[in-house]
Amino acid sequence: MNTRSHYDVAIIGAGMSGLAAGIRLAHFGKKVCIFERHNAVGGLNSFYSIAGRKFDVGLHAMTNFVRPGVKGTPLGKLLRQLRIDRDEFALCEQKQSRIAFGPRGECSLRFTNDFAVFESEVVAAFPAQADGFRRLVTAVRTFDDVSLDAAPMSAREAVRRHVSDPLLEDMLFCPLMYYGSATERDMEFGQFVIMFKALFLEGFARPFEGVRVVLRVLLAKYRAAGGERRMKCGVKKISAHAGRASAILLDSGDEITADHVISSIGAPETDRLVAASASEPPTAAPTLSFVETISILDRQPAELGWGSDTIVFFNDSSRFDYVRPTEQVDPRSGVICIPNNFDYGAGRVLPEGIFRVTCLANYDRWATLPEADYQADKSRWFAEVQRSARRFLPPLASDDALAAATLTTDMFTPRTIAKFTGHLGGAIYGATTKHRQGRTSLDNLYLCGTDQGFLGIVGAMLSGISMANYHILQKG
Amino acid sequence: MTKDECKQVVLDIIADIAPDEDLSNVKPEVRLRDQMQLDSMDFLDIVMELRKRHGIEVPEKDYQQLASLDSCAEYLTPKFDALTGKS
């Protein structure tokens, strides 16, 4: 073919990180093209429509929320780097969230976007831990979490130096793990710090119309900066020559070339493109995956008595087990999200009630089921997941009140995630090993996104920004 | 280009990359970093916007020349003049 295209930078994947990298590079005059296999942008944080109704995937809440005027935090850096005015996201703050532990959520810690609330809840529930908790907070605040080459350290060990009550320890880890940990049981301390700041010291917010507002803003910036994108056009193979990515073969059969390639699709997934015709890469540690149930209600959740909580992180057992379940789903712990319970302003409410519950799941137990069994298991677990979660919310007027208010439901499983994102094992938070500097086996091929290791939506965008700066823009 | 015009070029760039900063009272002799929240990512952006908008190259070893508005003007004015052919 003689119409071979050449780009300064080719980006694989139009998720949050790929779009952010693209905006930076296009803004500074690079000829950039993003290749996306799916027909929608957003990757792990996207939305889909069924019967005219839009469902968000991924985003429960945007973490890292700080109010205008608070500087030097990830949200502020992101807005500056992408030249986004914070009004464009029109973020609305959460009402309150909770960590609820015990068979009926007996031990509960509330938190809001005001850290003093969380601190006072911890001190009231765990008076003997007050000093230790404050020392931990100081350690978190003073940790250099943006270093790209810090030595890894166990977060469990670091936290235990300050917090000796295992219940409080687990309650602190639960939200942080659910919102970003690719590893079982423990986290790397740097990741713990990033998540602690993102959730507790900063906070939750959401645009009224959800994740599509964020995506719309990113796309508009990218387009205005002159970036190109090709949708429904994934990358099939990266050819290597002399230690460099020399050509990219697209699903369409076209081949393109680029001086630099940034891949947001994950480390093992990227390795697989490089080794496309060679052998499969070695199997990594088991990936964590999730199921999520979504119920659309004909009324505001507040009318059911569920009007206060934005997010509830729950666990019914004596210890919090953040591990890949042996069963299809582990309903003992999870996350409830009620998107109606953000403060959208006086009289402004979402048109329908939404009740989402996320639990840990095992990809292998879902992957190969015949269709009829898959559907049957989905319905069975749907009921089980909701039954489990309801224990941590105020009791309903009657047992069938939720069913009576439900207009429609949907559910995603690890199989859905793998199908729509291409992530091996239905992974949400990527592989267990992170590559902070974004390096790969090839000199001009870099990673951004979950496997680079900045977490959450804001983290994903900062990852794209950092890798574009570090590997390409800083070098002139 | 006068030194004051040069300072305005830098202020215009800062206004775009850090619209949340108040630039009405920037003291030219004081380090920018000490008057507002600018991190290394922001300084990289000042350098890159200088290149993008004005074709001015600032090599990494000279980044410290951009510390204050006064030092920016000292360092950048000759570069602007060289571009427009003035000595």
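Treat the numbers as computed from the prediction; the structure is a model and nothing was measured. Basis for what follows: all heavy atoms, side chains included, without hydrogens, waters or symmetry-related copies. In what follows, chains carry the letters A, B, and so on, assigned in the order in which the sequence lines appear, proteins first and then strands, with residues in each chain numbered from 1.
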Trainee: Select one option (side chain, backbone, both, neither) describing which atoms of B/Ile17 are under 4.5 Å from chain A's heavy atoms.
Mentor: both
Trainee: Hey, what do you get for CE (B/Met48) to CG (A/Asn469), rounding to the nearest 0.5 Å?
Mentor: 5.5 Å
Trainee: When rounded to the nearest 0.5 angstrom, what is the spacing between CG in B/Asp45 and CZ in A/Arg83?
Mentor: 4.0 Å
Trainee: May I ask you to list the residues in residues 25-42 of chain B that approach chain A closer than 4.5 angstrom, counting heavy atoms only, ordered by number?
Mentor: B/Gln37, B/Leu38, B/Asp39, B/Met41, B/Asp42
Trainee: Can you tell which part of A/Leu79 gets under 4.5 Å to a heavy atom of chain B, answering side chain, backbone, both or neither?
Mentor: neither
Trainee: Which pairs with one or both residues in residues 11-21 of chain B pass side chain to side chain donor-acceptor pair (under 3.5 Å), sequence neighbours excluded?
Mentor: A/Lys71-B/Glu21, A/Arg80-B/Asp20, A/Arg80-B/Glu21, B/Gln8-B/Asp12, B/Asp16-B/Arg53
Trainee: Only heavy atoms, only distances under 4.5 angstrom. Which residues in residues 55-76 of chain B are near chain A?
Mentor: none
Trainee: Would you mind checking which part of A/Arg24 comes under 4.5 Å of any heavy atom in chain B, side chain (CB onward), backbone (N, CA, C, O), both or neither?
Mentor: side chain
Trainee: Is there any salt bridge (Lys or Arg N to Asp or Glu O under 4.0 Å) pair reaching into residues 461-473 of chain A, and which pairs are they, with sequence neighbours excluded?
Mentor: none
